[in-house]
Amino acid sequence: MKPNGLVVDEDVFSVLSTECGKIIDTRKRLPDFVFRRSFARYFAIEYGHIYKKEFGAFLFSLSNIFGDESVNYMTLDPSPEDSGYRQRSYFGLASFEPSSLVERYVPALFREQKDFKILVGVNVGAFWGSSLKWGIFCDRKSWEMDVIAVAENVDVPMISGFRCLNAVEVSSYMKSQYHWKLPTALEFNPKFLANYPI
């Protein structure tokens with residue numbers, strides 16, 4: 001099983017979606033605790049980072065640290081088995097060999113010319129490595145935020161170059177995102193910060 005891009009095989013899809021379920025509770029959403037177990041460290045970043053080539057480079061760095069044989073992404077909303085994906089003969093799931101991740105990340109996951117790609121229009125998704133020592137939960141629909149969980153004391157800001165939000169910045173970010181509906185932010189912040197000590 002060595003897919004290197006969008007997953008089209010049903011057996012591969014079954015294996016990888018089961019693997020995702022070992023690290024992410026695919027039914028849960030932020031601010032709830034979405035991981036299946038506790039991790040050494042958590043980091044919050046703005047959702048928009050996943051659209052950049054640099055995010056592929058960050059995933060490559062994580063895969064090196066944790067010795068992953070593959071780095072994977074699965075859509076959670078819409079479902080990876082959504083008919084929109086199946087009409088295009090692939091699942092809402094991608095798997096990459098780390099050695100080609102930086103090169104393949106953007107072409108495989110984003111719109112290229114007129115060809116629909118997996119991350120366009122996704123509301124919620126998850127990244128993880130085959131080591132199951134890290135995971136990233138991505139929520140565009142509700143919070144415009146990603147939560148990175150790592151099993152060791154990894155300096156995510158250093159290896160990614162992304163600004164990771166501390167507790168004060170998460171609170172401020174949510175208040176700015178929901179300035180028109182402040183009670184939503186005020187409800188989110190304490191729940192999120194209780195679940196993710198950042």
Side-chain angles (χ1 to χ4, degrees), residues 16 19-77 93-96 98 101-102 104-106 108-110 118-119 122-174 177 188-198:
L16 289 175
E19 189 174 276
C20 179
K22 291 178 181 177
I23 198 162
I24 304 275
D25 186 333
T26 60
R27 299 162 299 164
K28 290 189 176 179
R29 300 292 181 262
L30 299 176
D32 294 333
F33 188 75
V34 298
F35 299 99
R36 291 285 186 186
R37 65 177 189 275
S38 295
F39 283 83
R41 295 195 68 187
Y42 302 95
F43 301 87
I45 63 172
E46 294 179 33
Y47 182 88
H49 287 298
I50 71 170
Y51 294 120
K52 301 173 183 173
K53 184 177 181 179
E54 291 79 11
F55 199 79
F58 165 60
L59 295 173
F60 174 71
S61 295
L62 281 180
S63 72
N64 277 340
I65 290 168
F66 292 108
D68 295 303
E69 293 181 9
S70 67
V71 172
N72 313 291
Y73 173 80
M74 187 169 79
T75 65
L76 304 179
D77 178 12
L93 196 151
S95 184
F96 302 95
L101 185 56
V102 175
R104 300 273 307 132
Y105 179 74
V106 170
L109 296 182
F110 298 96
I118 196 170
L119 271 178
V122 169
N123 295 318
V124 181
F127 291 93
W128 74 96
S130 59
S131 65
L132 303 183
K133 292 182 178 176
W134 62 272
I136 304 171
F137 187 87
C138 308
D139 185 338
R140 180 186 68 87
K141 183 178 184 181
S142 301
W143 311 109
E144 292 285 331
M145 183 181 290
D146 305 334
V147 178
I148 302 165
V150 291
E152 299 169 14
N153 189 15
V154 175
D155 191 341
V156 167
M158 186 187 80
I159 66 169
S160 68
F162 307 143
R163 181 176 71 114
C164 294
L165 307 173
N166 63 31
V168 172
E169 291 168 330
V170 165
S171 296
S172 176
Y173 179 67
M174 282 299 127
Q177 289 286 95
F188 175 91
N189 289 334
K191 289 181 183 176
F192 180 85
L193 295 171
N195 285 321
Y196 304 100
I198 54 176

The single option from F137, F55, W134 passing ring-ring contact (aromatic ring centres under 6.0 Å, His included) against F127: F55
Shortest non-hydrogen contact between D68 and L132, atoms and distance: OD1-N, 4.4 Å
W143 side chain vs L30 backbone, donor-acceptor pair below 3.5 Å: yes
N/O donor-acceptor pair under 3.5 Å between Y196 side chain and R41 backbone: no
S63 side-chain N/O to F60 backbone N/O, donor-acceptor pair under 3.5 Å: yes
Aromatic centroids of F162 and F43 separated by under 6.0 Å: no
Minimum-distance pair of heavy atoms, taken over all atoms of F35 and I136: CE2-N, 4.4 Å
Taking every non-hydrogen atom, the tightest pair across K52 and V106: C-CG2, 4.4 Å
I23 side, atom CD1; R36 side, atom CZ - distance, nearest 0.5 Å: 11.0 Å
Side-chain donor or acceptor of N72 paired with backbone N/O of C20 under 3.5 Å: no
Nearest non-hydrogen partners of E169 and L165, listed with the distance: OE1-CA, 3.4 Å
S160 side-chain N/O to V156 backbone N/O, donor-acceptor pair under 3.5 Å: yes
Check: S70 main-chain N/O paired with S130 side-chain donor or acceptor under 3.5 Å: yes
Y105/F110 aromatic ring centres below 6.0 Å: yes
Sidechain-backbone polar pair: D139 side chain, V124 backbone, donor-acceptor under 3.5 Å: no
